[in-house]
Amino acid sequence: MSELVLHYEVEGANFSAAGEASSAVKRVLSRLGLSDKVVRRASICLYEGEINMVIHASGGVIDVTVFPDRLEMVLKDTGPGIRNLEEAMREGFSTASDSVRDLGFGAGMGLPNMKKYADDITVESEVGVGTTVRMVVRLDG
Amino acid sequence: MTIAQVRDILEARVLSGAELLENEVHSACGSDLMSDVLAFVKDQSVLLTGLLNLQVVRTAEMMDMKCIVFVRGKVPDETILSLAAARGMVVMSTGFRMYNACGRLYAAGLVSLEGVR
């Protein structure tokens with residue numbers, strides 16, 4: 001079985017549009033007949049990542065590859081980078097502004113939620129250069 | 001219970017998805033913090049919130065939720081309603097505040113996230 005590749009561009013600073021890519025991916029994954037749980041876990045990971053791209057970076061690109069046994073999701077931005085990754089992975093740690101908190105996010109749950117629901121996650125980040133998040137969700141999970 | 005029962009218990013006004021009121025719901029979640037809603041992967045059918053923006057619908061969509069209840073009489077704009085309609089969700093508005101709205105549903109048998117009453 002050949003893999004399916006999905007590519008999306010995420011617009012920065014457009015909070016209303018945030019989640020459109022995750023929504024599109026979710027609908028494709030559902031149509032592929034994957035289990036509801038796998039689709040939901042992948043959607044949560046992707047959506048939190050997409051929100052982060054909009055809140056912290058000026059958008060970025062999302063690539064999702066569907067392999068026979070797993071989903072690989074890569075979110076790449078050229079934003080400010082994460083100064084302290086260890087802190088960023090901790091529940092409750094956030095550098096988001098009050099205006100973001102008013103929107104229902106920025107409570108320091110984004111990366112922790114992604115870590116919780118991905119079977120594997122790696123975050124590469126360089127201050128001033130950008131951040132790349134790679135997540136894997138197994139289809140038998 | 002059915003979504004119609006949720007409407008009755010909350011004395012709510014249905015703003016979209018009136019044709020879906022007979023769908024069954026089995027659990028609910030009340031929060032203004034969308035990341036907290038996303039922190040539980042279990043089935044949650046109803047989202048009660050005081051937050052009024054498109055990300056409420058997106059969050060509900062990611063979680064396969066069937067019904068959004070805006071508390072404290074809040075009424076979402078047309079963009080929010082049309083996205084919810086496109087995703088097959090019922091949207092309603094209740095005059096009750098969050099604590100009372102959740103309490104009423106819980107007392108009527110709609111369980112919480114943990115599935116334990």
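Labels below follow one simple rule: chain letters A, B, ... track the order of the sequence lines, proteins then strands, and each chain is numbered from 1.
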Exercise. Are B/F40 and A/I44 close enough that some pair of their side-chain heavy atoms sits under 4.5 Å apart?
Worked result: no

Problem set entry | Nearest non-hydrogen partners of A/G104 and B/L33, listed with the distance | O-CD1, 3.5 Å

Problem set entry | Connected via hydrophobic side-chain network under 4.5 Å: A/V74 and A/L4 | no

Problem set entry | Which portion of A/L46 sits near chain B, non-hydrogen atoms under 4.5 angstrom | neither

Problem set entry | hydrophobic_cluster_shared for B/M92 and B/L48, side chain cutoff 4.5 Å | yes

Exercise. If two hydrophobic side chains count as joined below 4.5 Å and joins carry through other members, does A/V127 share a cluster with A/L85?
Worked result: no

Tell me which donor-acceptor pairs, judged by distance alone and kept under 3.5 Å, run between chain B and chain A, one pair per line.
unit_1, atom_1, unit_2, atom_2, d
B/M34, N, A/G104, O, 2.8
B/S35, O, A/N113, ND2, 3.0
B/S35, OG, A/E48, OE1, 3.4
B/S35, OG, A/E48, OE2, 3.0
B/A39, O, A/K116, NZ, 2.6
B/A39, O, A/Y117, OH, 2.7
B/V41, N, A/Y117, OH, 3.0
B/V41, O, A/R40, NH1, 2.6
B/K42, O, A/R40, NH1, 3.4
B/D43, OD1, A/R40, NH1, 3.3
B/D43, OD1, A/R40, NH2, 2.6
B/N53, ND2, A/L103, O, 3.2
B/Q55, O, A/Y47, OH, 3.3
B/Q55, OE1, A/Y47, OH, 2.6
B/Q55, NE2, A/F15, O, 2.6
B/Q55, NE2, A/A18, O, 2.9
B/R58, NH1, A/S23, OG, 3.4
B/T59, OG1, A/Y47, OH, 3.3
B/E61, O, A/K26, NZ, 3.2
B/E61, OE1, A/S23, OG, 3.4
B/E61, OE2, A/S23, OG, 2.6
B/D64, OD1, A/K26, NZ, 2.4
B/D64, OD2, A/R40, NE, 2.9
B/D64, OD2, A/R40, NH2, 3.3
B/R87, NH2, A/S23, OG, 3.3

For this session: State plainly whether one hydrophobic cluster holds both B/L52 and A/V100, where clusters connect Ile, Leu, Val, Met, Phe, Trp and Tyr through side-chain heavy atoms under 4.5 angstrom apart.
Result: yes

Problem set entry | Interatomic spacing from CZ in A/F105 to CG in B/L51 - rounded to 0.5 Å | 8.5 Å

For this session: Determine, using the 4.5 Å side-chain heavy-atom cutoff (strictly less than), whether A/F93 and B/M34 are members of one ILVMFWY cluster.
Result: no

Seminar exercise, completed: Residues passing the side-chain contact (heavy atoms from CB on, under 4.5 Å) test with A/L139, sequence neighbours excluded, are A/L34, A/V38, A/L71

Problem set entry | Interface residues of residues 9-22 of chain B facing chain A - non-hydrogen atoms under 4.5 Å apart | none

